[in-house]
Amino acid sequence: MHRIAGAAAALALTFAAGTLIPGMAHADPAGAAACAAKLSKPARMIYDASAPQAAGAGDLKGLVTGQTKGLVMAGKIDRSGARPAAESAGQCLVMLKS
């Protein structure tokens with residue numbers, strides 16, 4: 001039972017990080033916008049900074065990480081909440097990938 005739960009969690013993380021096999025996902029801009037509307041303020045800042053480049057990003061996780069670091073360094077989001085905010089934003093951003 002634990003092995004199945006672990007596998008499901010690993011699959012969810014893979015999906016959230018945007019590392020699906022190319023061609024499997026279909027872009028859903030409306031779904032991404034609806035998802036982004038529910039984000040916390042820090043997560044929304046990360047989403048807004050990353051969204052213009054998300055669709056064509058080869059490494060979505062790297063894009064989100066870079067944007068998040070920039071926002072932290074600029075003092076716009078708190079370092080302690082950066083990771084969960086980035087993960088939340090990533091779940092919405094993956095919907096922009098085609």
Where at least one partner belongs to residues 30-55, residue pairs that pass salt bridge (Lys or Arg N to Asp or Glu O under 4.0 Å), sequence neighbours excluded: Arg44-Asp48

Within the structure provided, determine whether Cys35 and Met95 are in side-chain contact (heavy-atom separation under 4.5 Å). yes

Are the side chains of Cys92 and Leu39 in contact, using a 4.5 Å heavy-atom criterion? yes

Salt bridge (charged side-chain N to carboxylate O under 4.0 Å, His left out) partners of Arg83, counting only residues at least two apart: Glu87

What is the distance from atom [atom1] of [X] to atom [atom2] of [Y], rounded to the nearest 0.5 Å?
| X | Y | atom1 | atom2 | result |
| --- | --- | --- | --- | --- |
| Ser40 | Ile77 | OG | CD1 | 9.0 Å |
| Ser88 | Leu93 | OG | CG | 10.5 Å |
| Leu60 | Ser50 | CG | OG | 7.5 Å |

Closest non-hydrogen atom pair, Leu96 against Ala54: CD1-CB, 4.1 Å

Heavy-atom nearest pair, Ala33 first then Tyr47, reads N-OH, 4.1 Å

Would you mind listing every disulfide bond (SG atoms under 2.5 Å apart) that reaches into residues 47-86, with sequence neighbours excluded? none

Please list all pairs passing the disulfide bond (SG atoms under 2.5 Å apart) test where one or both residues lie in residues 46-86, with sequence neighbours left out. none

According to the side chain to side chain donor-acceptor pair (under 3.5 Å) rule, which pairs have a member within residues 63-77, sequence neighbours left out? none

